[in-house]
There are 2 protein chains.
Amino acid sequence: MAKVLPEHARRHNRALVLQTLLRTEGLSRADLARETGLTRATVSDLVGELIGERFVRELGQREDSRPGKPATLLEIDRGGHQIVGLDLSGHDLLRGAVLDLDGSILAREQLPLEGSTGEEALAKVTLLAERTLARTTAPVLGVGVGSPGVVNLEGTVQTAPNLGWTRVPLQDLLAQRLGVPVIVSNDANAAALAEHGFGQAEGDLMLIKIGNGVGSGLIVSGALVHGRRFAAGEIGQVMVGTDGGLDVEYDRGKTVESWLSVPSLTGRLETAGALRDDVLRRAGQRLGVALAPVVGALNLGEVVLSGPEELLDGVLAEAALETIRRRTMTDSSGDLLLRMTTLGDDIVLLGAAVLVLSGRLGVS
Amino acid sequence: MAKVLPEHARRHNRALVLQTLLRTEGLSRADLARETGLTRATVSDLVGELIGERFVRELGQREDSRPGKPATLLEIDRGGHQIVGLDLSGHDLLRGAVLDLDGSILAREQLPLEGSTGEEALAKVTLLAERTLARTTAPVLGVGVGSPGVVNLEGTVQTAPNLGWTRVPLQDLLAQRLGVPVIVSNDANAAALAEHGFGQAEGDLMLIKIGNGVGSGLIVSGALVHGRRFAAGEIGQVMVGTDGGLDVEYDRGKTVESWLSVPSLTGRLETAGALRDDVLRRAGQRLGVALAPVVGALNLGEVVLSGPEELLDGVLAEAALETIRRRTMTDSSGDLLLRMTTLGDDIVLLGAAVLVLSGRLGVS
DNA sequence: TCACGTTTGTTAGTATCCTTTACAAACAAC
DNA sequence: GTTGTTTGTAAAGGATACTAACAAACGTGA
């Protein structure tokens, strides 16, 4: 809880106008006023400011024939600003992209990690950021980064085993180096933001990102859940099932990750032969067992999967959904939605863009 | 997301001042200014308003000897307003209380339910509310109600099996009948708010309320999680463990509630004899198995138990904590706190008061 | 003892923000 | 053409918090 000044209210209302315009195209100032509850005068003022800063532009007059003065339609000025997104979660490939304010990808860059860790990996990330930044053709709103590992609110990567990072203040380092605002967050959290901002998700949402490991991002009341140590979403390390009884010690072989990570899944599928569907169903069931208490406790409406479609979409997802339904009260999970993301492999890049949109414009 | 007007900012800052004063006693206007970041002038204005409304009062001058004009100390005006809290979650006893703004209980009322349901139960709740309201000796800020079952944001009890209620607009009915503001919420949610507002909890928190059933309330980022159908916290109906394999259908005998509800626990303890601790340990372990994914996904810092101390405190709680730790990555649960509430049996009454404080003053 | 610095709380003036009210422009319908 | 409607802007007003300045009240130290 912090004090609120007039300028904060202004920023909030500005974001409200922008967000409304992001969701619905082809609105006039008067439409925006009706939609937001602000008066036409205020909207006019805010829109004027936004046009001046090249976040909004006039599109011309409305075509349809109605009485009264014709409305001047507005739209997000896609060309006015660009965003750089980085996805550091690939197994061996660092990915970068230039995006516009709508989340359209305008250019791509990539850099193989080739096993680099520590300072070396950091240098490659910086290089990729610089190369991607060089491809921008409009003022850059900011650089968003989705990194594996635990990332705190200041954008310091506290631990990222794959990259060999411990307490790396990536956000500060990049900001200093690049001279533009930088926002760093966890990759699965970024993905969840992408699904919230650019996907069809409505309301609370959990995104499960299945790759080398298994991570997740949770959105509650429109905002990311960070957790006490910024480690929210680290569901991969949780043991699932009580096959060995209740007294067993922690066993890395019985965690969500050991059942569902891509290396583990593909490994078991290679030797499965005709039992392929069995392997996938069992994996989906394990995921369902792990998620059921979360779905129940949060009364989650939507769980979204991100990862290789050929593995997740179909038997696995169906088994997970059915298991969750079977293990929770029907009333609370009857209308639960569990589906693949519609954002594909670019979900973290899009999430990185949402990080910037959210951080710089208050829009999500 | 809604528009923000100057008056909203005002209300927010007013709540900020009040909350600061609730947490720390013996502050002057200048202290409040330093604490909140507002200027002395603004704080003076807000405090003047709050004194006028009898939410704050001047306590006299600060005693200690310092240079400068002596400070006028302020405190919450406990006697200025009172709150009525109702707890409908008892097995057969409806409980009411008059509380002051600090959460001190000034008077109690109660009414046996005697198996009433439906309209009859509703009449008894109304009667209890009227009787408790009659015991107040200062202006009433509002009536808070913690009800079992699923309660939506409008205070309509959508389903409450024990009371035989379906879609009962309790909040509206009581408000109309009593002529004061009424806020109705789920009992476990109210308890979680109490722990957040009056307990020692810091940050995110899950409260497990064990009674006839097992419910829970979740506080994330300082606010209650409601869930898609306002059924968040209904963890009692979730199945726990995979003893029967992954393909089993929903089985009421394997839910959290069947392991941990008071009737179930006492029943098994009666026949346990010397194996009493085994029963409690097993129950705690089951709770731990159910909570581990939630703790992992949210990186929860604190889990609080509410219910009969003689059952929960000790073996059961310890087993639950150890099981959660064993089943989640150590990093994320290493500093997890699992403890009994310090608020005792009045936790729902206190939570009802927090509902009112929060709803009417923006304070929590 | 008395000037000086410090702290508190208030007052006056200013800037910001949104609203209300009024109005011109532009169009459809009759 | 007249009327009514809708849009967008402009001017005035009210609310809010800030800055600057000040009086009151107290310690400190010469």
Side-chain angles (χ1 to χ4, degrees), chain A residues 1-18 20-21 24 26-53 56-75 362, chain B residues 1-18 20-21 24 26-53 56-75 362:
Chain A
M1 206 167 180
K3 65 173 174 177
V4 168
L5 274 59
E7 69 210 65
H8 298 142
R10 176 81 169 182
R11 203 156 49 202
H12 178 98
N13 289 333
R14 213 178 86 120
L16 175 60
V17 165
L18 212 45
T20 308
L21 213 44
T24 318
L27 293 177
S28 67
R29 290 170 175 82
D31 293 332
L32 279 170
R34 278 184 290 267
E35 193 76 20
T36 59
L38 296 163
T39 59
R40 290 204 306 275
T42 303
V43 168
S44 232
D45 193 29
L46 289 168
V47 165
E49 187 179 306
L50 288 168
I51 288 179
E53 298 173 23
V56 170
R57 65 191 199 92
E58 294 191 336
L59 193 58
Q61 294 196 341
R62 177 173 277 148
E63 291 296 324
D64 56 346
S65 143
R66 292 194 298 188
K69 177 177 172 178
T72 310
L73 298 184
L74 303 169
E75 66 167 9
Chain B
M1 206 167 180
K3 67 173 173 176
V4 168
L5 276 62
E7 68 208 67
H8 298 142
R10 176 80 169 185
R11 202 155 51 202
H12 178 97
N13 289 334
R14 213 179 85 119
L16 176 60
V17 165
L18 211 45
T20 308
L21 213 44
T24 319
L27 294 177
S28 67
R29 290 168 174 82
D31 293 332
L32 279 171
R34 278 184 290 267
E35 192 76 21
T36 60
L38 297 163
T39 59
R40 292 202 306 273
T42 302
V43 168
S44 233
D45 193 28
L46 288 168
V47 165
E49 188 180 307
L50 288 167
I51 288 179
E53 297 173 23
V56 169
R57 65 190 200 93
E58 293 191 336
L59 193 58
Q61 294 198 340
R62 177 173 277 149
E63 291 295 324
D64 55 348
S65 141
R66 292 194 298 186
K69 177 178 171 178
T72 310
L73 298 184
L74 303 169
E75 66 167 8

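Any value given below was found using the heavy atoms of this structure, including those in side chains, with hydrogens, waters and symmetry copies removed. Sequence lines set the chain letters: A, B, ... in the order given, protein chains first and strands last, and positions in each chain run from 1.
- Put simply, CD on E58(B) is 12 Å from C1' on dT8(C), counting in whole angstrom units.
- Put simply, CD on Q61(B) is 15 Å from P on dA24(D), counting in whole angstrom units.
- Contact annotation: T72(A) side-chain N/O to dT7(D) OP1/OP2 distance is not under 4.0 Å.
- Listed by chain and number, the residues in a side chain to side chain contact (heavy atoms under 4.5 Å, CB included) with T24(A) are L27(A) (sequence neighbours excluded).
- The side-chain hydrogen bond (donor to acceptor under 3.5 Å, both in side chains) check on Q61(A) picks up nothing, with sequence neighbours excluded.
- The distance from atom CG of L73(A) to atom P of dT6(D) is 16 Å, rounded to the nearest whole Å.
- Between H8(A) atom NE2 and dC18(D) atom P there is a gap of 10 Å when expressed in whole angstrom units.
- For the pair K69(A) and A71(B), nearest-nucleotide mapping onto DNA chain C gives the more 5' position to A71(B).
- Set against dG9(C), dT7(D), dC27(C), the side chain of A30(A) has dT7(D) as its closest nucleotide.
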Pairwise N/O distances under 3.5 Å, protein to nucleotides 15-21 of chain C:
residue : atom : partner : partner atom : Å
dC18(C) : OP1  : N13(A)  : ND2          : 2.7
dC18(C) : OP2  : R10(A)  : NH1          : 2.6
dT19(C) : OP1  : K3(B)   : NZ           : 3.4
dT19(C) : OP2  : T39(A)  : N            : 3.3
dT19(C) : OP2  : T39(A)  : OG1          : 3.0
dT19(C) : OP2  : T42(A)  : OG1          : 2.7

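- In this structure A33(A) satisfies the side chain to side chain contact (heavy atoms under 4.5 Å, CB included) test together with R40(A), V43(A), sequence neighbours excluded.
- By the side chain to side chain contact (heavy atoms under 4.5 Å, CB included) test, K69(A) is found to be paired with no residue, residues two or more places apart in sequence or in another chain being considered.
- Checked against side chain to side chain contact (heavy atoms under 4.5 Å, CB included), R10(B) has the following partners two or more places apart in sequence or in another chain: D45(B), L46(B), E49(B).
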Practice task
Take R14(A) and E7(A) through the test salt bridge (charged side-chain N to carboxylate O under 4.0 Å, His left out) and record every step on the way to the result.
Solution key: CA-CA 10 Å; R14(A) 213 178 86 120; E7(A) 69 210 65; over 6 Å; no
